[in-house]
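Proteins get letters first, then strands, A, B, ... in listed order; numbering begins at 1 in each.
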Protein chains: 2
Amino acid sequence: MPNQTFTISELASEFGVTTRTIRFYEEKGLVHPFREGQKRVYTAADRVRIKLILRGKRIGMTLQESVEVIDLYDPQRNNTQQLLSLINTISERRARLLQQKDDIDDMLTGLSEVLGLCEKALGKRQKKISATQKN
Amino acid sequence: MPNQTFTISELASEFGVTTRTIRFYEEKGLVHPFREGQKRVYTAADRVRIKLILRGKRIGMTLQESVEVIDLYDPQRNNTQQLLSLINTISERRARLLQQKDDIDDMLTGLSEVLGLCEKALGKRQKKISATQKN
DNA sequence: CCTTCCGTTTACGTTAACGTAATTATTTGA
DNA sequence: TCAAATAATTACGTTAACGTAAACGGAAGG
């Protein structure tokens with residue numbers, strides 16, 4: 001079994017964050033490395049959690065929101081009430097994500113238009129230059 | 001021409017934010033309402049800017065980033081250098097947006113899986129209930 | 001005339017998510 | 001063995017994006 005562990009600086013450099021950031025996540029209860037003497041030791045599970053948290057950050061989620069989403073994954077659901085509430089939570093989150101995709105698509109469309117104008121403007125200059133060089 | 005204008009509370013309620021928020025955006029130079037006496041008067045252009053800023057927020061952009069993106073639209077570009085730099089900016093932003101879409105898709109996939117488990121769990125209970133009711 | 005709504009200004013408060021020392025231990029390679 | 005690198009703890013600092021409260025001005029309605 002790989003059962004690999006990681007030091008704090010390994011994870012920090014892998015994910016492009018500072019060790020301070022990772023310790024901060026621990027303060028907030030987002031990860032729970034164990035200790036070898038004084039040093040923190042991170043499991044593969046910790047690593048995944050950090051990865052998911054950073055993914056959340058990229059799409060504008062707070063740390064708490066990311067944790068909530070991550071926690072949806074662990075199947076500590078017993079009764080029907082909890083299951084129904086979970087389904088609700090998921091569908092709400094899903095709606096927000098779809099909205100975000102729409103927002104992104106809109107923005108991408110806008111950027112494409114601007115890009116088109118840019119290239120058009122540059123094209124004219126190239127023609128001028130070509131004409132100049134031919135003479 | 002419609003040439004419509006808006007009061008601060010109209011915009012606030014339309015977009016579901018407080019007037020404080022809109023005044024804050026003005027402090028930061030994101031909008032420039034003119035005055036009628038003391039009162040702020042917003043143009044359609046101001047309205048659009050606010051809309052775009054809030055769109056940016058939904059996908060995790062800072063106010064400054066939103067402004068930068070919005071400013072890409074106004075064609076105050078003169079020389080080739082500026083055009084090339086603009087193209088660069090656009091392609092970087094585009095890359096980030098595509099990354100975000102991937103992140104969202106990953107998260108949606110995860111949520112679907114959890115949802116599947118939920119429904120499976122609920123299904124079993126329904127069977128039990130059905131069986132109970134038949135007896 | 002008085003109150004009730006907007007609206008404005010000024011200014012201090014708040015939360016999230018780290019940054020930035022300063023100080024102290026531990027380990028490790030020259 | 002000594003210095004350099006790596007880690008930990010403690011604690012104050014910072015930025016963004018508003019919230020909240022106080023204090024005041026015009027206007028509209030009963």
**Prompt:** Which two nucleotides bound the region of DNA chain C that has atoms under 4.0 Å from heavy atoms of chain B, read 5' to 3'?
**Reply:**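 The contact span of chain B on DNA chain C goes from dC6(C) to dA11(C).
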**Partner set under side chain to side chain contact (heavy atoms under 4.5 Å, CB included) for Lys39(B), not counting sequence neighbours** =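 Listed in chain order: nothing, the list is empty.
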**Request:** Under the side chain to side chain contact (heavy atoms under 4.5 Å, CB included) rule, collect the residues that match up with Val41(B), sequence neighbours excluded.
**Result:**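 If we apply the side chain to side chain contact (heavy atoms under 4.5 Å, CB included) test to Val41(B), skipping adjacent residues, the hits are Thr5(B), Phe34(B), Glu36(B).
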Qualifying residues under salt bridge (charged side-chain N to carboxylate O under 4.0 Å, His left out), relative to [X], sequence neighbours excluded:
{"X": "Lys101(A)", "result": "Asp105(B)"}
{"X": "Arg55(A)", "result": "none"}
{"X": "Arg47(B)", "result": "Glu14(B)"}
{"X": "Glu113(A)", "result": "none"}

**Message:** Could you check whether Arg40(A) pairs with Glu10(A) (Lys NZ or Arg NE/NH1/NH2 to Asp/Glu carboxylate O, under 4.0 Å)?
**Reply:**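 Answer for the salt bridge query: no.
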**Request:** Could I get the full list of side chain to side chain donor-acceptor pair (under 3.5 Å) partners for Gln99(B), not counting sequence neighbours?
**Result:**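 Partners of Gln99(B) by the side chain to side chain donor-acceptor pair (under 3.5 Å) criterion, ordered by chain and then number, come out as Asp103(B).
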**Asked** Under the side chain to side chain donor-acceptor pair (under 3.5 Å) test, which residues partner Glu65(B), sequence neighbours left out?
**Response**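 Side chain to side chain donor-acceptor pair (under 3.5 Å) check on Glu65(B) returns Arg96(B).
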**Request:** Among residues two or more places apart or on two chains, list those pairs meeting side-chain hydrogen bond (donor to acceptor under 3.5 Å, both in side chains) that have a residue in residues 84-95 of chain A.
**Result:**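 Not a single pair qualifies under side-chain hydrogen bond (donor to acceptor under 3.5 Å, both in side chains).
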**Item:** Any residue of residues 50-71 of chain A with a heavy atom less than 4.0 Å from an atom of DNA chain C
**Value:**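 Only Lys57(A), Thr62(A), Leu63(A) qualify.
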**Request:** Enumerate the residues from residues 8-43 of chain B whose closest heavy atom to DNA chain D is under 4.0 Å, giving them by residue number; use none for an empty result.
**Result:**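 Within this stretch, Thr18(B), Arg20(B), Thr21(B), Phe24(B), Tyr25(B) sit under 4.0 Å of the strand.
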